[in-house]
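Working notes, structure below.
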Amino acid sequence: MPRIVYVNGRYLPYARAAVHVEDRGLQFADSVYEVCAVRGGRFMDIAKHLDRLERSLGELTMAMPLGRRALEHVMREVAARERLVNGLVYVQVTRGVAPRNHAFPVPSVRPGLIVLARTRNQDDHTARQTDGVAVITVPETRWARVDIKTTALVANVLAKEQAANAGAVEAWFVDTDGHITEGSSSNAWIVNTDGALITRAADRKILAGITRIATKKAAAAGEIRLVERAFTLAEALAAREAFLTSAGNDIAPVIRIDDHTVGDGRPGPVAKSLLQCFYDVVDYEPAGR
Ligand code: PMP
């Protein structure tokens, strides 16, 4: 359990950290978020997470709640107070508190800001990377702007719950063209029968993952041929390898898709070699005072 949470200017004990009932994040999911990993006491690619936060806010015509340096300071402070070594820092910005009405409040109100840090179980994290994970597939049911990192995640929640009930760690969305878009909280990759590494281009049908960027760098460093295009479920089932990427998992090999075993059912050589240089291509910044 986290010890403290930053909520709207104050560092509060976890049990007392709360927002107003008319916060628009609560009523409309009128809110965006970021999840930045901390590894060995250092933020991974925090600048890219803040860039993406600024983009998400811009798409919703919301302002940054604090200057970028001040926000980074709060993230470091929360990580420090939490004594975070390995885990995640969660940042959520809402349009603020106003009497319920779909249109934006006039005049505008102060944005809401929540920053929370959570330690992760490093053994589980490593086990997913070394043993691989199972995924299921579900129909794509999300809205048309999943490139914006909003907290409108109920379709993702239902998909993840279905995965959990099937003993899998992730659900991959399949659109009406038969293409896999991405996972409920991760990006999707395959290595096809020709040995090409394939992931969907960062269009409006996926979130442009920060881990996806680092994985692209790792592929370039390892001279692994990457093709950014949509791939079908049929291609994924025929693939030599598959894996997912996210700040929570970094790179996790996928060894089962629905009832189908991927490759020989063990993490493949491409995923393993990407993992080997992944941590060298990330930018690190201290996650403490
Ligand atoms: N897609 C979705 C829907 C996600 O929620 C996430 C996790 N934030 C990702 C992709 C991966 O993004 P990142 O690598 O920045 O964690």
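Residues: numbered from 1 along the sequence shown. Whatever order the structure lists them in is the order used to number ligands and atoms, beginning at 1.
Here the shortest heavy-atom distance to atom 13 (P) of ligand 1, taken over Ile206, Asn249, Ile210, belongs to Ile210. Nearest to atom 9 (C) of ligand 1 by heavy-atom distance, out of Ser246, Ala159, Ser186, Cys36, is Ser186.
Remark: Arg39 qualifies as a cation-pi partner of Tyr279 under the 6.0 Å distance and 45° angle criteria applied to the six-membered ring. Cation-pi contact between Arg95 and Phe104: present, with separation from the ring centre below 6.0 Å and deviation from the ring axis of at most 45°.
Contact annotation: Val35 has no heavy atom less than 4.0 Å from any atom of ligand 1. Residue Arg52 places a heavy atom less than 4.0 Å from ligand 1. Look at Ser184 and you'll find a heavy atom under 4.0 Å from some atom of ligand 1. For the pair Gly183 and ligand 1, a heavy-atom separation below 4.0 Å is found.
Ion pairing of Arg212 with Glu228 is present here, as a side-chain N (NZ or NE/NH1/NH2) and a carboxylate O approach within less than 4.0 Å. Here Asp203 pairs with Arg200 in a salt bridge; the nearest charged N to carboxylate O distance falls below 4.0 Å.
If you check which protein heavy atom lies closest to atom 8 (N) of ligand 1, you get Lys149 NZ, 2.5 Å. In terms of protein heavy atoms, atom 5 (O) of ligand 1 is closest to Ser185 CA, 3.3 Å. Scanning the protein for heavy atoms near atom 1 (N) of ligand 1, the closest one is Glu182 OE1, 2.7 Å. Protein heavy atom in closest approach to atom 14 (O) of ligand 1: Thr211 OG1, 2.6 Å. Remark: minimum distance from atom 12 (O) of ligand 1 to any protein heavy atom is reached at Gly209 CA, 3.4 Å.
Judged by distance alone, with hydrogens and angles left aside, the side-chain atoms of Asp177 form no donor-acceptor pair with the main-chain N or O of His179 at under 3.5 Å. Using modelled atom types, no side-chain atom of Ser184 and backbone atom of Ala159 make a donor-acceptor pair closer than 3.5 Å. In terms of modelled atom types and a separation under 3.5 Å, the side chain of Thr141 and the main chain of Ala155 share no donor-acceptor contact.
By the 3.5 Å distance cut-off applied to N or O atoms, Ala247 is counted among the residues near ligand 1. Taking any N or O of Thr245, backbone or side chain, none lies under 3.5 Å from an N or O belonging to ligand 1.
Looking at Tyr33 against ligand 1, only its side chain comes within 4.0 Å, counting heavy atoms.
The distance from ligand 1 to the heavy atoms of Asn187 drops below 4.0 Å at these ligand atoms: 10 (C), 11 (C).
For the side-chain contact (heavy atoms from CB on, under 4.5 Å) criterion with Ile190, the lone passing option out of Thr232, Ile257, Val270, Ile198 is Ile198.
Looking at residues two or more places apart in sequence or on another chain, you find a salt bridge (charged side-chain N to carboxylate O under 4.0 Å, His left out) between Arg52 and Glu34.
Side chains of Trp189 and Thr215: no donor on one and acceptor on the other come within 3.5 Å.
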